[in-house]
Amino acid sequence: MAVVKLLGAWLSPYCCRVIWALKLKAIPYEYIEEDLSVKSPLLLQCNPVYKRVPVLIHDGKPISESTVILRYIEEIWPQNPLLPSDPYEKAVALFWIKFADDKSPSISKLYRTDGEEQQQAAKECSEMLEIIEEHGLIEGKKFLGGDEINMVDIAFCSVAHWLGVIEEFAGLKILEPHKFPKLSSWIQNFKSVPVIKENLPDSDKMVALLKRRREMLLASKSN
Amino acid sequence: MEGAVVLLDFWPSMFGMRTRIALAEKEIKYEYSEQDLWNKGELLLQMNPVHKKIPVLIHNGKPVCESLNQVQYIDEVWNDRAPLLPANTYKRANARFWADFVDKKLYDLGSKIWKTKGEEQEAAKKEFIDCLKLLEGELGDSLYFGGKDFGYVDVALVPFYCWFYAYEQCGNFSIEAECPKLIAWVKRCMQKESVAKSLVDREKVYEFVLQLKKLYGIE
């Protein structure tokens with residue numbers, strides 16, 4: 001039986017993406033929590049280009065970058081498919097996954113910045129949400145993937161969970177239910193899926209850590 | 001796989017060139033439609049409402065957006081000839097990783113090189129060369145990034161060569177001096193008809209960059 005290992009960090013949405021994919025496909029794996037302030041030799045060896053998590057190690061071979069990992073998992077373990085098989089539908093899904101990859105960093109900018117920079121990040125987040133609400137969600141479908149959760153839903157995890165946590169402690173309100181009814185409904189559906197619900201980082205722990213990080217970042221900026 | 005293929009594109013776009021190369025590799029007949037990006041047409045806005053950007057590949061009336069997505073789509077639909085992605089799953093993941101690396105790094109760094117001056121430009125130049133050197137490392141002694149065959153990462157990267165001259169002129173440096181192996185690889189790729197007919201003249205790109213600088217009021 002091939003060995004699957006995942007180098008991750010509990011707070012990272014990109015690591016959660018991989019965890020959910022592995023669990024949705026019932027693939028056993030060994031999880032190794034990385035201390036990102038002191039990166040392990042294994043991490044640096046497996047991901048010399050970016051030196052970051054997640055890294056999937058399958059049969060001793062490393063794969064980095066969460067979207068590349070998700071595609072790999074999908075191809076090696078095709079059960080419970082997370083992408084459409086039709087080439088056109090797949091291309092549409094991949095378009096949204098890239099959109100999520102490109103735009104999600106605005107969400108973490110919200111806690112890393114203040115003043116004008118934070119306002120700009122909030123504007124970018126709002127624009128991203130407007131696009132998903134208008135173009136990404138199909139009326140009457142529970143998920144971005146349609147009737148079942150798929151890789152597109154997983155890719156937008158930062159919107160589903162991290163955004164809400166950051167909004168609360170940063171005192172921002174961007175994802176208002178009356179402005180984004182379809183998106184709000186999607187978030188509830190997404191977080192109700194058992195694999196997702198049981199594998200979301202604890203909000204209180206997240207707030208504590210993000211608050212500390214924010215203080216450190218803003219202090220070092222003013223120095 | 002039958003059905004009309006249209007490409008909405010803009011001649012100097014390194015992203016559009018990727019799709020042109022993929023279509024040429026597979027010998028797919030298509031209609032090339034040059035777009036005016038300062039006066040975007042209805043079709044472009046309708047086919048890519050989210051980004052309103054080129055290239056857009058339209059197959060049987062349905063749009064595929066994002067150049068690497070288009071290359072993968074073309075490879076999947078016209079899968080009976082000139083494969084671009086490797087058959088081996090791990091090698092395929094590796095190819096996606098490096099194409100994604102090109103996407104994440106080169107365009108933004110290249111833009112900084114022609115748009116900025118002084119310290120910012122120097123930092124961009126250094127990081128740009130570092131990225132190219134990493135790519136040289138990945139290429140190793142192979143003919144192509146795809147090994148002995150031209151493949152996905154080659155398609156993703158080679159169009160940037162058209163912009164190297166503009167970066168060099170604006171940044172006052174030589175990419176070939178820093179990355180000779182990469183330039184040797186470019187020359188190998190240019191011997192392929194699909195690449196030679198899809199890439200554009202680098203001096204024309206430089207003229208275009210100078211026009212953009214004037215337009216944006218950049219020195």
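Throughout, protein chains are lettered first and strands after them, A, B, ... in sequence-line order, and every chain is numbered starting at 1.
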So that I can tick it off, tell me whether B:D100 and B:K104 are bridged by a salt bridge, with the cut-off set at under 4.0 angstrom between side-chain N and carboxylate O. yes

Quiz item: cation-pi between B:K105 and B:F128, 6.0 Å / 45°: no

Pairs of heavy atoms under 4.5 Å with chain B: top-ranked of A:E134, A:E75, A:K90, A:H135: A:E75

Side chain from CB out, backbone as N, CA, C, O: work out which of these in B:F97 comes under 4.5 Å of a heavy atom of chain A, or both, or neither. both

Is it the side chain or the backbone of B:Q72 that comes within 4.5 Å of chain A heavy atoms, both, or neither? side chain

For B:F10 and B:F208, what are the C-alpha separation, side-chain angles and deciding distance, and is it a ring pair (Phe, Tyr, Trp, His ring centres under 6.0 Å)? CA-CA 12 Å; B:F10 179 53; B:F208 172 67; 5.5 Å; yes

Which atoms of A:I131 come close to chain B, meaning under 4.5 Å heavy atom to heavy atom: side chain ones, backbone ones, both, or neither? side chain

Please look at B:D103 and chain A and tell me whether the side chain, the backbone, both or neither of the residue comes under 4.5 angstrom of a heavy atom of that chain. side chain

I'd like to know if B:E178 and B:K133 make a salt bridge, using a cut-off of under 4.0 Å between side-chain N and carboxylate O. yes

Under 3.5 Å, is there a donor on one side chain and an acceptor on the other for B:S33 and B:Q35? yes

May I ask you to name which of A:Y88, A:F95, A:Y72, A:Y50 has the most heavy-atom pairs under 4.5 Å with chain B? A:Y88

Check for me whether A:R17 meets the cation-pi criterion with A:Y14, that is, NZ or CZ under 6.0 Å from the six-membered ring centre and within 45 degrees of the ring axis. no

Against chain B, label A:K61 side chain, backbone, both or neither, depending on which of its atoms sit under 4.5 Å from a heavy atom there. both

Donor-acceptor under 3.5 Å (B:D75 side chain, B:L84 main chain): yes

Option in B:C131, B:C65, B:P63 with maximal non-hydrogen atom pairs under 4.5 Å from chain A: B:P63

Of the listed residues (A:G136, A:P62, A:S64), which shares the most heavy-atom pairs with chain B below a 4.5 Å separation? A:P62

